[in-house]
Amino acid sequence: MKLKYNAFTLAEVLITLGIIGVVAAMTMPTVISKYRRKVASTKLKKFYSVINQSIERSIAEKGTLILDTEGITDDKNAEFLENWCKENMTKYIVKVKEEGIEKNPNYYKIVFMDGSGAAIYLSRSVLYVFYQLNFDKPSLTTTNMDGANEFLFVYNKEKNRVEPVFKHNSVSSLKNSCYQEGNVQRHGCAALLQAYNWDIPDDYPWIK
């Protein structure tokens, strides 16, 4: 009696692998894009929550939070920024990997455990927070706030909160600011993404 075995031929296996390869090649870019958008969304949402919770804890402990920039010039503020940030922000943030004066002495940097970070600086007595999804990654443009890795926030003295620049602009206005092509400063990107609850909209061009 002869036993009969059923099996795939080499040609059938190669055809199947070829089909799998084609499907993978077609779907992989979409999967990678969704992953990148999710990571960016999670980091932005977490940063916004953590930085403002630290300020709230500082106010709860001290009763008030004062940003007194009188006599502080933009080119001589490194020590002031270091003291203020440590006293009112980073002492309340658990997962800080590194902090200190940036190479540019006008900036105070905070690097988080997830690799994101912020450069904090003063301009005309206004405190800005320049947040980067990947702190060591260079800008994709020749300017800052590219909307891909870099986003601009400002400290609101009246509300004692860090908020996206142009927070109160309309979504259409923010898109006009953020969706510009070329090497421009896209200041409205953080506010635009906050309007979407930090989710990345489908037509967002800078994170793919």
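Note that the numbering runs from 1 along the sequence shown for the chain.
- Using a 4.5 Å cut-off on side-chain heavy atoms (C-beta onward), Leu193 and Phe151 make contact.
- Cys189 is not listed as a side-chain neighbour of Tyr179, based on a closest heavy-atom distance of 4.5 Å or more.
- Considering only heavy atoms from C-beta on, Lys86 stays 4.5 Å or farther from Trp84 through its side chain.
- At least one side-chain heavy atom of Lys109 sits under 4.5 Å from a side-chain heavy atom of Glu98.
- Taking CG of Leu44 as the reference point, atom OG of Ser49 lies at 12.5 Å (rounded to 0.5 Å).
- Salt-bridge annotation for Asp199 and Arg37: absent, with no side-chain N of the basic residue lying under 4.0 Å from a carboxylate O of the acidic one.
- If you check the side chains of Glu150 and Tyr131, you find no donor sitting under 3.5 Å from an acceptor.
- Using a 4.5 Å cut-off on side-chain heavy atoms (C-beta onward), Arg186 and Asp146 make contact.
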side-chain hydrogen bond (donor to acceptor under 3.5 Å, both in side chains) between Lys62 and Ser58, worked out: CA-CA 6 Å; Lys62 302 179 180 67; Ser58 179; 2.9 Å; yes
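- Side-chain atoms of Met89 and Val162, non-hydrogen and from C-beta on, do get closer than 4.5 Å to each other.
- Between the Ser41 side chain and the Trp198 main chain, a donor and an acceptor come within less than 3.5 Å of each other.
- Aromatic ring pairs are classed by plane angle as parallel below 30°, tilted from 30° to 60° and perpendicular above 60°; the pair Phe47 and Phe153 is perpendicular.
- Residue Tyr92 forms a side chain to side chain donor-acceptor pair (under 3.5 Å) with just one option from Glu61, Glu56, Glu87, Gln53, and that option is Glu61.
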